[in-house]
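As the structure lists them, so they are numbered: ligands from 1, and atoms in each ligand from 1. All residue numbers refer to positions in the sequence shown, counting from 1.
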Amino acid sequence: MTTALNGELHGISLIAGSVPSSGGASFHGFNPSNGRPLDPAYTSASIADVESAVAAAADAFDSFANIAGSKRAMFLRAIADGIDASAAELIERANLETALPIPRLTGEVARTSSQLRLFAGVLDEGSWVTARIETADPTRTPPKPDLRSMLRPLGPVVVFGASNFPLAFSVAGGDTASAFAAGNPVIVKAHPAHPGTSELVGNIISHAAKQAGLPGGVFSLLFDSGHQVGAALVQHPEVKAVAFTGSFRGGRALMDLAAQREVPIPVYAEMGSTNPVFILPRALAERGEALAKGLHGSFILGGGQFCTKPGLVFASEAPPFLNALRASVVSSPAFSLLTEGIATIFSKSVEDRGSMQTAKGTAAGEGFSAQVSLLETDGASFLADHSLAEEVFGPTTLLIHCTGLDQMLHAARNLGGHLTATVLGTDQDLADSADLLRILETKVGRVIFNAFPTGVEVNHAMVHGGPYPATSDGRSTSVGSQAIFRFTRPVSYQGLPQTALHPALQDSNPLGILRLWNGAWQMTSP
Ligand code: NAP
């Protein structure tokens, strides 16, 4: 049975299980509810620590990449069990460091362990390696060689923890789970806003690696309050890929660093998205008040600090909808935001758009607090000012009064890349605006009908991605089992004897997986 670890915090990086950290400057996490620093102090990793963590990861790669998928699945399940067993202390510490409410964090713990188990299931099933086999035909002219391909891991992957998901997008979050599942060692750069939560989860992973008999280098966790450690990791020649969730500025800086390397590497950055919502006329007339309540609940959820927050809403003017939305905003409480920086950027962004503010909630209070705010403008003004489409992270949304469907379609065509787009309407509305869906599918990773975009299912069909600048590479997802493909590359093996082939490619199909055999998908070999 898995038991919770001793939750004592030491404030130092965890390098390859046991390598001591040489350390640098110290910093603290903060309690966003009152703005006060939290103990213990955390010591930033040094460049020597980066070297040790990456060297250990590179050493661990060969054995971790080549153990059976079932063994990696056991490792992922052990981490999931450790997280569940430590749920109470993880929630307590994450609540202190982020001010996210206990029910939200309880759900996040469950999501974190269930996504690790999702990838364990993918490994046990095994077909994710996408085995393709073309058998030899010596009678053909020219003779056809035996050629077999499958996906292989990349090497050490660097993961940047996100501020707004201290568990599900941080140390043992979706990026780490998918990189591990594919067979890559992981080095996490902890987000400085929740170092204690990061250390607790880091200990769980280190413990699971040790119990599974894996080399210590499969996992390291480095702390830093600045950018030195993150930049050094991205530039290190032994690092083969990067995963990041956060600001456009941060993601873009990492993309540029990776592109400037002697050997460039992929950066999977999930950055800003304003998640446009289109409210179509019949739905607006039939259920305007209910839509206003649903929209309000979605854009203030988690203090508006979700990457899928609906930040742009296109609708014609309709008093029942408008009055209900403004009334909901006026009765909204203030929210503690995650960091002082996020609270400051939020207040400044709302202040800059002050002439558009039509309703506001309870005034901000102590700590990193923010007032809920509704902004409104008209379609022509929105179309004339590109900056209005930029993400404002926090509890606000911009309602754009459109003159009709044509203006909505014009606005849709002008959108950049986003994670989601939502259409609220009746079936007749949809039939009347068929062009809208065709435009939106070119702009986003997920098109939603009659639901709100916050709330991201983690399963085999989820796409949490979207064209640039929502992400650095719109061909991928950072949520759901398809995230594993980001940390792989296809390799072909020509003419190898059966004994030298990976089991996934051997004629007898010992893993019993689905394979493309001479052009036909099948589970058995002919
Ligand atoms: P951030 O600035 O993107 O930082 C995320 C992580 O990357 C942190 O560990 C950060 O270190 C590091 N980092 C940032 N720039 C870097 C650089 N140039 N070189 C190396 N490392 C770098 O995000 P944040 O502080 O959490 O929030 C700031 C803003 O990001 C928010 O106001 C919001 O607009 C946006 N955000 C968006 C999402 C989303 O899902 N769309 C999620 C979270 C935040 P430091 O903390 O030391 O800078």
query: Would you say Gly341 contacts ligand 1, with heavy atoms under 4.0 Å as the rule?
result: no
- prompt: Nearest to atom 36 (N) of ligand 1, what protein heavy atom do you find, and at what distance?
  reply: Gly246 C, 3.6 Å
query: Distance-only, no hydrogens or angles: does the Asp224 side chain make a donor-acceptor pair with backbone N or O of Val229 under 3.5 Å?
result: yes
- prompt: Counting N and O atoms only, with roles assigned by atom type, does the side chain of His236 sit under 3.5 Å from a partner on the main chain of Glu238, one being a donor and the other an acceptor?
  reply: yes
- prompt: Is there a donor-acceptor contact under 3.5 Å from the side chain of Asn164 to the main chain of Leu338?
  reply: no
task: Ignoring hydrogens and angles, tell me if any N or O in the side chain of Ser198 forms a donor-acceptor pair with the backbone of Ala190 under 3.5 Å.
output: no
Protein heavy-atom partner closest to atom 46 (O) of ligand 1 - residue, atom, separation in Å: Pro192 CG, 3.3 Å
Gly250: numbered ligand 1 atoms lying under 4.0 Å from its heavy atoms: 14 (C), 15 (N)
query: Got the closest protein heavy atom to atom 47 (O) of ligand 1, with its distance?
result: Ser225 O, 3.0 Å
statement: Check: of Phe346, Phe248, Phe244, Phe165, min heavy-atom distance to atom 6 (C) of ligand 1 comes from Phe244
task: State the atoms of ligand 1, each with its element, that fall below the 4.0 Å cut-off from a heavy-atom position in Asn164.
output: 40 (O), 42 (C), 43 (C)
message: Suppose we measure from atom 48 (O) of ligand 1 to each protein heavy atom; which comes out shortest, and what is that distance?
response: His227 NE2, 2.7 Å
Atom 4 (O) of ligand 1 [closest protein heavy-atom partner, distance rounded to 0.1 Å]: His191 NE2, 4.1 Å
task: Pick whichever of Thr344, Ile342, Thr471, Leu337 has a heavy atom sitting closest to atom 32 (O) of ligand 1.
output: Ile342
message: I need the atoms of ligand 1 closer than 4.0 Å to a non-hydrogen atom of Ala253, numbered in the order shown.
response: 18 (N)
Sequence neighbours excluded - ring-ring contact (aromatic ring centres under 6.0 Å, His included) pairs with any residue from residues 176-199: Phe64-Phe180, Phe75-Phe180, His191-His194
query: Just heavy atoms, cut-off under 4.0 Å: does Cys307 contact ligand 1 by side chain, backbone, both, or neither?
result: both
message: Any side-chain to backbone donor/acceptor pair from Thr112 onto Gly173? Under 3.5 Å, distance only.
response: no
statement: Within 4.0 Å of some non-hydrogen atom of Met271, the atoms of ligand 1 are 39 (C), 41 (N)
- prompt: In a check of ring-ring contact (aromatic ring centres under 6.0 Å, His included) between Phe306 and each of Phe165, Phe393, Phe452, which one passes?
  reply: Phe165
query: Among all residues two or more places apart in sequence or in another chain, which pass the salt bridge (Lys or Arg N to Asp or Glu O under 4.0 Å) test with Asp59?
result: none
task: Would you check whether Leu254 reaches within less than 4.0 Å of ligand 1, judged by its heavy atoms?
output: yes
task: Using atom types as modelled and distance alone, determine if a side-chain donor or acceptor of Asp473 lies under 3.5 Å from a backbone N or O of Tyr268.
output: no
- request: Could you tell me whether the side chain of Glu376 and the main chain of His401 form a donor-acceptor pair under 3.5 Å?
  value: no
query: Does any N or O atom in Ser163 lie less than 3.5 angstrom from one in ligand 1, N or O only?
result: yes
message: Test of understanding: given a 4.0 Å heavy-atom threshold, classify the contact between Ala162 and ligand 1 as side chain, backbone, both, or neither.
response: neither
Ile15 backbone acceptor or donor facing Ser13 side chain under 3.5 Å: no
Arg249 and ligand 1 - part of the residue with a heavy-atom distance under 4.0 Å: neither
query: Has ligand 1 got any nitrogen or oxygen that is less than 3.5 angstrom from a nitrogen or oxygen of Lys189?
result: yes
query: Between Phe382 and Phe314, is the ring centre distance below 6.0 Å?
result: yes
- request: Look at ligand 1 and say whether Ser273 reaches it with a heavy atom at a distance under 4.0 Å.
  value: no
- request: Mind checking whether Ser247 contacts ligand 1 via backbone (N, CA, C, O), side chain (CB onward), both or neither, at a 4.0 Å heavy-atom cut-off?
  value: both
task: Measure the distance from atom 31 (C) of ligand 1 to every protein heavy atom, then report the residue, atom name and distance (to 0.1 Å) of the closest one.
output: Phe393 CD2, 3.7 Å
- line: Counting heavy atoms under 4.0 Å, the part of Gln305 that contacts ligand 1 is neither
message: Does ligand 1 come near enough to Ala231 that some N or O of the ligand is less than 3.5 Å from an N or O of the residue?
response: no
- request: Look at the side chain of Ser206 and the backbone N and O of Gly17, then say whether any donor-acceptor pair between them is shorter than 3.5 Å.
  value: no
- request: Output the distance between atom CD1 (Ile342) and atom OG (Ser163), rounded to the nearest 0.5 Å.
  value: 4.0 Å
- prompt: Backbone or side chain, does any N or O of Asp224 fall under 3.5 Å from an N or O of ligand 1?
  reply: no
